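Per chain, numbering begins at 1; letters A, B, ... match sequence-line order. Because the structure is predicted, anything quoted here is derived from the model rather than measured.
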Number of protein chains: 2
Amino acid sequence: MAFHTATSLKNELHERGWRLTPQRETILQIFQNLPNGNHLSADDLHQVLQDQGERISLSTIYRTLKLMARMGILRELELAEGHKHYEMNQPYPHHHHHLICVRCNRTIEFKSDTVLRTGAKTAKKEGFHLLDCQLTIHALCPACKDFLPV
Amino acid sequence: MAFHTATSLKNELHERGWRLTPQRETILQIFQNLPNGNHLSADDLHQVLQDQGERISLSTIYRTLKLMARMGILRELELAEGHKHYEMNQPYPHHHHHLICVRCNRTIEFKSDTVLRTGAKTAKKEGFHLLDCQLTIHALCPACKDFLPV
DNA sequence: TTGACTGCAAAATCTTTGCACCCTT
DNA sequence: AAGGGTGCAAAGATTTTGCAGTCAA
């Protein structure tokens with residue numbers, strides 16, 4: 001989970017015979033400039049790009065998001081809203097987890113070194129190459145506690 | 001995250017003005033009898049029911065799965081296969097997490113008391129009512145390491 | 001008896017894919 | 001020049017929803 005720049009992205013792609021296209025570079029840039037803790041869905045990203053005057057197709061966006069998630073550059077978040085969200089996969093001091101209200105989707109970020117350590121240890125023990133490790137807590141927030149379950 | 005029986009399900013439903021229907025009871029039973037560590041998608045569940053001669057519609061299945069997840073009876077798993085899976089939300093000694101290969105979806109279960117404790121502590125600190133807490137590790141398994149990223 | 005629940009079918013969402021053309025390497 | 005990448009449109013997959021009839025309480 002190292003920090004990625006256009007150059008490191010290029011190198012990693014080339015190692016595998018893939019290419020660095022303007023689209024991929026632009027998308028990486030969007031995520032790099034995203035304020036800490038923000039995340040985008042495929043459609044959000046499409047909007048942001050449109051607003052910047054960039055015309056990248058949704059297909060390419062989906063393909064790129066999946067690619068970068070599999071490379072460990074982005075992390076795929078399931079914030080229980082029917083679609084995935086993505087954010088930069090930041091290394092240690094910024095790495096965080098999510099507490100989510102299953103009713104109103106209110107989300108709180110929190111950090112945990114021990115969880116991060118558990119993730120790394122487990123992946124290593126099984127011989128897996130770690131990409132991302134996220135603790136997701138599903139719960140009911142104070143405002144929704146009494147409305148269970150709908 | 002307590003163990004649920006038809007009776008406790010009935011009581012919890014009644015507390016909120018909901019009802020215990022044969023469909024809900026049957027679905028709960030399926031999950032109770034599911035071998036530890038197994039999980040079902042909405043469609044899997046539909047198949048299992050068909051095989052048992054039960055005719056419960058997919059709509060009802062989706063509605064029931066969501067309901068039981070929000071009640072904390074089932075846990076919703078994102079095993080990166082384009083659809084959700086569900087399993088009983090078992091309390092402490094059986095509670096587990098998942099290590100998943102993002103390429104082939106090979107999944108390994110593991111337990112962690114410290115992670116569970118972190119989840120409980122975090123929810124409490126924020127005043128949330130805990131439903132489920134899962135550490136999901138995305139990684140590349142030994143067999144897929146070298147095929148990154150497609 | 002009441003209104004929550006179910007089943008059905010249609011609709012809505014989100015995501016993937018085939019194909020012709022483009023462009024990085 | 002080769003073949004990976006993109007855009008478009010169409011297809012796929014999963015999940016949700018409106019509605020009329022059903023049934024738990």
*Close side-chain approach of A:Thr64 to A:Gln23, heavy-atom, < 4.5 Å*: no

*Under a 4.5 Å cut-off applied to non-hydrogen side-chain atoms, are B:Leu40 and B:Leu34 in contact?*
yes

*Min side-chain heavy-atom separation B:Arg75-B:Cys133 under 4.5 Å*: no

*Looking at side-chain heavy atoms only, is the closest gap between B:Leu9 and B:Met71 below 4.5 Å?*
yes

*asked:* Using side-chain heavy atoms (C-beta onward) and a distance below 4.5 Å, is B:Met88 in contact with B:Leu74?
replied: yes

*asked:* What is the distance, to the nearest angstrom, from the CG atom on A:Leu65 to the C1' atom on D:dT6?
replied: 15 Å

*Please give, in whole Å, the distance from C:dT15 P to B:Glu78 CD?*
11 Å

*Can you find a pair of side-chain heavy atoms, one from B:Phe128 and one from A:Val102, that are under 4.5 Å apart?*
no

*Value in whole Å for how far the P atom of C:dT6 lies from NE2 of B:His46*: 13 Å

*Between atom CD1 in B:Ile27 and atom C1' in C:dC5, what is the gap in whole Å?*
12 Å

*What is the distance from OH of B:Tyr86 to P of D:dT15, rounded to the nearest Å?*
7 Å

*Within this structure, what is the CD-to-C1' distance between B:Glu25 and D:dC23, rounded to whole angstrom?*
15 Å

*When the distance from NE2 of B:His14 to C1' of D:dA24 is rounded to whole Å, what number comes out?*
8 Å

*Side chain to side chain, A:His95 and A:Asp132, heavy atoms closer than 4.5 Å*: yes

*Nucleotide by nucleotide, 5' to 3', does protein get under 4.0 Å of the base (B), only the sugar-phosphate (S), or neither (-) in nucleotides 16-21 of chain C, counting heavy atoms?*
BBB---

*asked:* When you compare the side chain of B:Lys111 with that of B:His97, does any pair of heavy atoms fall below 4.5 Å?
replied: no

*Specify the residue among B:Asp43 and A:Ile56 whose closest nucleotide of DNA chain D lies further upstream toward the 5′ end.*
A:Ile56

_Ring center gap for A:His85 and A:His83 short of 6.0 angstrom_ = yes

*Spacing of B:Met68 atom CE relative to C:dC5 atom P, expressed in whole Å*: 12 Å

*Please determine if a side-chain N or O atom of A:His83 lies less than 4.0 Å away from the OP1 or OP2 oxygen of C:dC14.*
yes

*Choosing from D:dT15, C:dG7, C:dT25, which nucleotide comes nearest the side chain of B:Ala42?*
D:dT15

Output one line per pair: protein atom, nucleotide atom from nucleotides 3-5 of chain D, and distance, for all N/O pairs under 3.5 Å.
from, atom 1, to, atom 2, distance (Å)
D:dG3, N2, A:Arg19, NH1, 2.1
D:dG3, N2, A:Arg19, NH2, 3.2
D:dG3, N3, A:Arg19, NH1, 3.4
D:dG3, N3, A:Arg19, NH2, 3.3
D:dG4, N3, A:Arg19, NH1, 3.4
D:dG5, OP1, A:Arg19, N, 3.4
D:dG5, OP1, A:Arg24, NH1, 2.8
D:dG5, OP1, A:Arg24, NH2, 3.1

